[in-house]
Amino acid sequence: MDELLEVAEVAADFGLEGVMAWIVRLIGLLALLAGAGMWLVADMSLLVLPVALMVVGLVLLVAPSIFLLFLE
C-alpha cells in the first residue's frame, strides 16, 4: 500500500494524477464491457468469470475518484 501511495504522490508532483485516473477508468470500462460481452455469448454454466470481470470493472471505474478524494 505504501508503494501505491508513493506512486500517487510522484504522479501528483508531476500533475499526472488525472491522466492515471482516466487510464484506470478506461481499463475498468474495458473489463466491464468484456464481462458483459462474455456474459452475452457464454454458456449459462460459465457465469463466474463474466461476473468477476464486471465487478472488477465497476471497482476500477469508481476507485480512482475515491482514491484521489482520500489523497487530497
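As a basis for the values below, the full set of heavy atoms in this structure was taken, side chains included, without hydrogen atoms, waters or symmetry mates. None of these values were measured; they are calculated from a predicted model.
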Flag the pair Leu47 / Trp39 as yes when at least one side-chain heavy-atom distance between them is below 4.5 Å, and no otherwise. yes

If you group Ile, Leu, Val, Met, Phe, Trp and Tyr by side-chain heavy-atom gaps below 4.5 Å, do Val59 and Ile23 land in one group? no

Which residues, ordered by chain and number, are linked to Trp22 in its hydrophobic cluster, where ILVMFWY side chains connect at heavy-atom gaps below 4.5 Å, directly or through other members? none

Among pairs that include at least one residue of residues 46-56, which meet side-chain hydrogen bond (donor to acceptor under 3.5 Å, both in side chains), considering only residues two or more places apart or in two chains? none

Suppose clustering is done on Ile, Leu, Val, Met, Phe, Trp and Tyr with side-chain heavy atoms closer than 4.5 Å. Which residues sit in the same group as Leu32? Leu29, Leu33, Met54, Leu58, Leu61

Stepwise, does the side chain to side chain contact (heavy atoms under 4.5 Å, CB included) test hold for Met38 with Leu49? CA-CA 8 Å; Met38 285 179 64; Leu49 185 61; 3.2 Å; yes

According to a hydrophobic-cluster definition based on side-chain heavy atoms being under 4.5 Å apart (Ile, Leu, Val, Met, Phe, Trp, Tyr only), do Val55 and Val24 belong together? no

Verify the cluster assignment for Val56 and Ile27: are they in a single hydrophobic cluster under the rule of side-chain heavy atoms below 4.5 Å apart? yes

Non-hydrogen atoms of Gly35 and Leu53 that approach each other most closely: CA-CB, 3.8 Å

